[in-house]
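Working notes, beginning with the structure itself.
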Amino acid sequence: MDRRVILLGFLCLPLSLASCSKGEVYANASYVAEGHLTSFRPGSIWKDEAGEFIQAHGGQIQRMPVPIEGQGKVEKYVWIGENKENGSRGDPARMYYSDDLYNWKCGGDVLKSVDSREALDDDPYFVALYGELSKEKKDHVYEVLGKEAVIERPKMLYNAKNDNYVLWFHSDGKTALHDFAYDAGMSGVAVSESPFGPFKLIDRYRLNHCPADQFDAFPQSKGEARDMNLFLDDDGKAYVVYTSENNKTIYISRLNEDFTYLDVEPTLAVHKKDFIRLFPSSMREAPALAKIEGRYYLITSSTTGWDSNVASCWSSDSLFGEWQIDGNPFVGEGSTFAFDTQSTCLFEAQSGTWIYYGDRWNRNDIKDSRYVWLPAKVSQNKLSVTWKSEWTY
Ligand code: GAL
């Protein structure tokens with residue numbers, strides 16, 4: 001996020017605080033959900049089966065094969081997100097798994113961040129992953145996974161062709177040009193044989209950019225990729241969805257068969273064939289994409305940092321076709337600022353039952369940010385999300 005976006009955040013703050021009377025509208029937010037759970041309690045403290053606060057912010061939920069001792073690979077719900085126990089730099093990606101979506105086992109930090117450059121030379125965990133690399137390449141790994149690096153919104157796909165797991169994340173940090181934590185603006189990619197990791201960084205990349213015949217909202221920094229998500233379509237093709245052009249334009253780009261990079265590299269990629277730019281200059285981020293009853297729905301937030309803002313939903317019959325603006329999908333009291341959340345994921349709990357998962361960030365104690373899962377329904381090609389203080393799917 002650049003300085004202008006942060007400024008916008010400050011400008012929106014009073015409005016945002018005014019609408020978020022958490023004590024009133026979200027009266028249950030102080031509940032502690034622990035023990036054996038049989039319902040969702042949006043905004044409450046949510047503990048895993050070991051009694052620890054679930055740390056998987058900016059996350060993603062989906063079903064995928066998980067190796068379980070003595071059982072081989074078993075389909076489970078997998079939750080991956082940012083472990084913010086140590087603040088908001090160098091956050092490892094943490095994984096949880098579940099059979100019922102209410103009760104989660106911690107699978108550990110599957111993409112670890114690196115505490116010091118020396119650890120790449122002497123910590124056995126990192127030596128096993130990166131020991132073969134040259135000094136320059138290790139320096140690069142440290143730049144991407146080090147203490148000061150931004151590792152946000154990790155997302156994971158199971159690649160059936162290779163029987164492996166591919167993790168993408170918003171990779172950011174200062175650059176030689178600017179002493180600003182969100183200057184790099186890239187997507188990081190890591191791979192593992194297991195959803196429990198260890199994930200090994202492949203690299204990080206700038207992605208597609210604005211075609212020469214279109215108006216580029218940020219021509220001075222091409223191919224930026226910040227808040228992001230992964231989307232696996234029902235034909236097996238995977239896509240990365242991300243905010244670009246200084247957070248002004250959302251892109252959807254198709255991935256290669258290994259899910260490790262773009263299908264067609266940026267210099268050759270063709271707009272509306274290999275990627276699409278959506279609503280240039282609309283200033284959206286936090287993309288959550290799903291295909292529901294054959295139509296694609298994309299929820300995004302505005303760009304006010306950790307503060308909640310007005311969400312928007314766009315929909316289309318085809319990923320690289322025409323998209324329409326459906327407006328705010330949230331309905332009822334508290335819906336103006338998405339029930340005080342920022343979108344991160346839309347997922348299918350079971351056939352035909354969809355869940356919106358948003359983050360309720362706590363900028364003063366970021367690890368205490370809460371998860372808000374709510375029912376998402378489609379009627380007449382419109383997606384809507386309603387508030388429930390406690391519910392089951
Ligand atoms: C938000 C973004 C988060 C994080 C935050 C930092 O806009 O969605 O993932 O980057 O800004 O201020």
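Order of appearance sets the numbers: ligands from 1, and atoms from 1 within every ligand.
- Using a 4.0 Å cut-off to heavy atoms of Glu152, the atoms of ligand 1 that qualify are 3 (C), 4 (C), 9 (O), 10 (O).
- For ligand 1, the polar-atom distance check finds an N/O of Asp227 within less than 3.5 Å of one of the ligand's N/O atoms.
- The option with the heavy atom closest to atom 1 (C) of ligand 1, from among Gly305, Ala286, Pro287, is Gly305.
- No heavy atom of Thr303 sits closer than 4.0 Å to any atom of ligand 1.
- The side-chain heavy atoms of Trp373 and Ile61, taken from C-beta on, include a pair separated by under 4.5 Å.
- Taking every heavy atom of Glu285 and a limit of under 4.0 angstrom, the matching atoms of ligand 1 come to 1 (C), 2 (C), 7 (O), 8 (O).
- Under the 4.5 Å side-chain criterion, counting only non-hydrogen atoms from C-beta, Asp122 is not in contact with Val127.
- Not a single heavy atom of Trp361 sits less than 4.0 Å from an atom of ligand 1.
- Of the N or O atoms in Arg153, one or more lie within a sub-3.5 Å distance of an N or O in ligand 1.
- A side-chain N or O of Asn309 and one of Thr304 form a donor-acceptor pair less than 3.5 Å apart.
- No side-chain donor-acceptor contact under 3.5 Å links Ser244 and Glu224.
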### Message
Quick one, Arg226 with Thr243, criterion side chain to side chain donor-acceptor pair (under 3.5 Å). Give me CA distance, side-chain angles, the key distance, then yes/no.
### Response
CA-CA 5 Å; Arg226 292 201 173 85; Thr243 185; over 6 Å; no

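- Note on Lys137 versus Asp139: no salt bridge recorded, every NZ/NE/NH1/NH2 to OD/OE distance being 4.0 Å or above.
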